[in-house]
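Computed from a predicted structure; not experimentally measured. Atoms considered below: every heavy atom in the structure, side chains included; atoms not considered: hydrogens, waters and symmetry mates.
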Amino acid sequence: MSRRGGGRRSSEPRPDQGSSTPSPSFQRGGGGDRGRGRGRRGGFTPAPSPAPVRAPPPAASGYLSATAGPSTSLTPQKMASSSTAPPPSASSSASMVELSQEIAKKLSFGSTSATGGSVPVSSKAIVPPPRPQLGRIGRKCTIRANHFVVEVSDRDLFHYDVAITPEITSKKVNRDVISQLVRSYRESHLGNRMPAYDGRKSLYTAGALPFEAKEFVVKLVEKNDPASSSSSVKKERQFNVAIKYASKVDMHHLKEFLSGRQKDVPQETIQILDIVLRASPSEKYVTVGRSFFSLDLGKKGELGNGIEYWRGYYQSLRPTQMGLSLNIDVSARSFYEPILVTEFVAKYFTLRDLSRPLSDQDRVKVKRALRGIKVEISYRDYARSFKVTGISNLPVDKTMFTLDDKKTKVSVHQYFWDRYNIGLKYTSLPPLQAGTDAKPIYLPMELCKIAGGQRYTKKLNERQVTALLRATCQRPSARENSIKEMVGHNDYSRNVLVRNEFGIQVKEELTSVDARVLPAPMLKYHDTGREARVDPHLGQWNMINKKMVNGGRIDFWTCVNFSTRVQRDLPFEFCRQLMDMCNSKGMEFHPDPIIQIHSADSKYIEKALHDVHKKCTAKLANQKGKQLQLLIIILPDFSGSYGKIKRICETELGIVSQCCQPLQAKKLSKQYLENVALKINVKAGGRNTVLNDAIQRRIPNVTDFPTIIFGADVTHPQPGEDSSPSIAAVVASMDWPEVTKYRGLVSAQAHREEIIQDLYKKYQDPQKGLVHSGMIRELFIAFRRSTGQKPHRIIFYRDGVSEGQFSQVLLHEMQAIREACGTLEEGYCPRVTFVVVQKRHHTRFFPADHNKRDLTDKSGNILPGTVVDSKICHPTEFDFYLNSHAGIQGTSRPTHYHVLFDENNFTADGLQTLTNNLCYTYARCTRSVSIVPPAYYAHLAAFRARYYIEDVTSDSGSTGATGRSVEARSLPVVKENVKDVMFYC
């Protein structure tokens, strides 16, 4: 069972947990404005909580009946510490079972079980809300998108099931078999049809084949490998192919969907057309997901450590408002270099001398790097390939096996000398193993070459990532030209299968799209600064003449230095200048550390941190409730310690820390010190800036009634880490109406599980009975304690969800939200807007004229605030693309926002403007960011939690790689005082 990193184990008593009778509610610990007043001084005071006002309109009619559970109508009700009208209680008999039924009913989730609990059903039962209307706010402009209009003629499409015997796992061989079948039988048996094949079990034709079912014999010619010949000899493999009619495809459904008259997506029809468009490149290029790569599509480049990159393109057929659209983007992926395995090992470990034996640790790393790849041998008179299954524990001169006579044992080294007259050079290296453990085939590394065209699926190190980005980074004009060249290279209009057989036409021009540039929000700083308000320009501003709107207070701090490459006095001077910067920007930073600034041996990081904690605790023993507030850490010179430091500080000692790179610290750069000060302020409970409209209560659907904004994300372990858990993180705003501070919780869950499991939990306690827990409850209670209010609205930004997972994520996570709210107070059911945030897509925007400066930012990208909700967006649903940030290098990637559920009746302008404005409140820099901050913070928190359970090889706070496989286990618990601030920043 997963444990939340943000709380105690479920078996331990918690202050925010209780039994089912009475249910824990917001009545407990009303708390006033805790967490908001800390560090607040004169010059700026948030507007007071409003007097009771008229409730917003009720939710959709029939939401809940009088006896079915909570109601969402908000009418005044007596409630401790709340001045805003909360929802009324529902019937006292409302139960969680009834709540589940109502959620299933409200969200169209289908039937309920015999016990009354909701039953997850097909995604077809869930229909996201329609687009309210197109947005109007902002300066209108025209941009281009890498979407290409696809026109389909009205032809009957047919689906046939395919069975190939003997069964083959390789899609490439399957395609070769079907291609040979078409060449042999097209005119005689297939009615001169040219089918499109998916490489597995399905075949599609434009027009019916002249049979319902038929079997074919196909002889596939391939190269053989007999030892008796020096030349390649042809060999025939025979396959039986059974083709059977499955269904006729409903093209009318597709037309009705694109016109908005049909709600459910005709996924099968779109998939068939996509397969037709992918048929030709699938035969010519290396396929990786929806992308194609080949040396014919661009020059390859070296990434280091035996890895190279290939260029290619991404292709996907999508339904849009303008009809079907083919989304095409240039891409690059990492591949193994086609070199000798010995050369790969030398590059992988940067070894110069391969005559030395590999250590056990390096041997395991080689095994992981090579397992599953194909190698080719050339020591015989013919070429043959093998799939590597492992690596011997012993070198070639000590690895023994039994010959075919089942008597004689010989070493691999001796065998190759006796059989092939080959004297092996690297006798200390272990041989590769192919075949099975019961019947292994040993292959000397120096005689094996890695076959070309094999994708490298392991995580790239930071140097490789940097090299890949540098090689593939293109300015918008260059990327647009590359996309045009790729489309021209594909030449869909002359493809016989696409154009002639299926009647599909792909326009070769990028789509011109109507867009709007939303205005940047005014930001509020402290009134004691020379500039109390700022209007950002091109998505950025600076801290000159400004003071943090709420400066935090640091009374108890110290610093420990683990670097040996900085001068002895550097830590003292760095801390002095950092303290001066914090004070100049509005913080109250005590000039003297609680214990002496000192250096420590990086070999004993854990001991050094425990010593600091022990000394500080002893020094503050007589001051009740006081503790070390901030530990400044200058990191070691080597990488790999960041995660360990954060784990110890945040889960063992309860220390809020600020880590600094030694190379940056010794520069004493004002810009770097300012950026660090921004992070320190939010870790001290302060705010850097807030939206001026939030102070003036002018944000629709946010500032009129208490609103909590959530961000959620799930991060998964890197490829190959099969035992590591996935990490879920949820953050929520704690400072309505400013919505700038976010409390974060983390939780471990099953490997690759996308749905957040710990949003709501319940369990039976021997003493308390039924106990309710979970992230939603904990964050709601924290919100109440911080603001003195209970949320009337929820805005939930959910990151990391692909389109295929929309239904299940919405189904389970919405129900968890409902159930958690129902356990806090009887009848409590705030309205929810659930928005999926997608960054991993391939839509790119380009200025209509790259030479017009008023249409681009300094990097040549479209302007920050550019929003698109027409033409290339969903035919009927509420979604939009928002480019909220200024480009730095390369081509900016807009973020796609898709509304899956909306009880708050947002207008397009309302949600687009709110999302864009929030992007200017990110705490770590004075720039608007590309993704809405709650989702960004959730990503940071999830990444931080992964450091708690895995070895890392990076000091970066936003990237890391596991060094060894670890068992899936619960997260260590983050200390309460750490959770109270934005520790993940």
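- Counting non-hydrogen atoms of other residues, nucleotides and ligands closer than 6.0 Å to CG of Leu668 gives a total above 12.
- Counting only distance, with no hydrogens or angles, the side chain of Ser669 and the backbone of Lys667 share no donor-acceptor pair below 3.5 Å.
- Put simply, the side chain of Asp713 never gets that close to the backbone of Ala729: no donor and acceptor are under 3.5 Å apart.
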Worksheet item: Does the pair His939 and Thr715 meet the rule for a side chain to side chain contact (heavy atoms under 4.5 Å, CB included), with working shown?
Response: CA-CA 8 Å; His939 178 76; Thr715 64; 4.1 Å; yes

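- One finds the CD1 atom of Ile544 at 7.5 Å from the CD atom of Glu674 (value rounded to the nearest 0.5 Å).
- Checked by atom type and distance alone, the side chain of Ser563 never pairs as donor or acceptor with a backbone atom of Ile634 at under 3.5 Å.
- Of the possible donor and acceptor atoms, one in the side chain of Asn681 sits under 3.5 Å from a partner among the backbone N and O of Gly552.
- Side chain of Gln629 to main chain of Trp557: no donor-acceptor pair is present (N/O by atom type, distance under 3.5 Å, no hydrogens or angles).
- Here CG of Asn675 is found 10.0 Å from CZ of Arg924. Values are rounded to the nearest 0.5 Å.
- Counting only distance, with no hydrogens or angles, the side chain of Ser786 and the backbone of Phe783 share no donor-acceptor pair below 3.5 Å.
- Gln567 CD: 12 or fewer foreign heavy atoms inside a 6.0 Å radius.
- Ionic pairing of Lys762 and Glu819 is not present here: no N-O contact between side-chain nitrogen and carboxylate oxygen is shorter than 4.0 angstrom.
- The stretch residues 609-623 participates, sequence neighbours left out, in these salt bridge (Lys or Arg N to Asp or Glu O under 4.0 Å) pairs: Lys607-Asp611.
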Worksheet item: Between Met982 and Tyr984, is a side chain to side chain contact (heavy atoms under 4.5 Å, CB included) present by the stated rule, with each step listed?
Response: CA-CA 6 Å; Met982 295 169 68; Tyr984 45 81; 3.6 Å; yes

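- At least one donor-acceptor pair under 3.5 Å links the side chain of Thr689 to the backbone N or O of Lys524.
- Remark: Arg697 qualifies as a cation-pi partner of Trp736 under the 6.0 Å distance and 45° angle criteria applied to the six-membered ring.
- Under the salt bridge (charged side-chain N to carboxylate O under 4.0 Å, His left out) rule, Asp735 has a single partner from Arg785, Lys741, Arg687, which is Arg687.
- There is no side-chain donor-acceptor pair under 3.5 Å between Tyr937 and Arg743.
- Under a 4.0 Å N-O distance rule, the pair Arg576/Asp569 does not qualify as a salt bridge.
- Checked by atom type and distance alone, the side chain of Lys585 pairs as donor or acceptor with a backbone atom of Met543 at under 3.5 Å.
- Side-chain N or O atoms of Lys683 include one that pairs as donor or acceptor with a backbone N or O of Cys985 at under 3.5 Å.
- Looking at Lys546, its side chain does come within 3.5 Å of a backbone N or O of Asn542 through a donor-acceptor pair.
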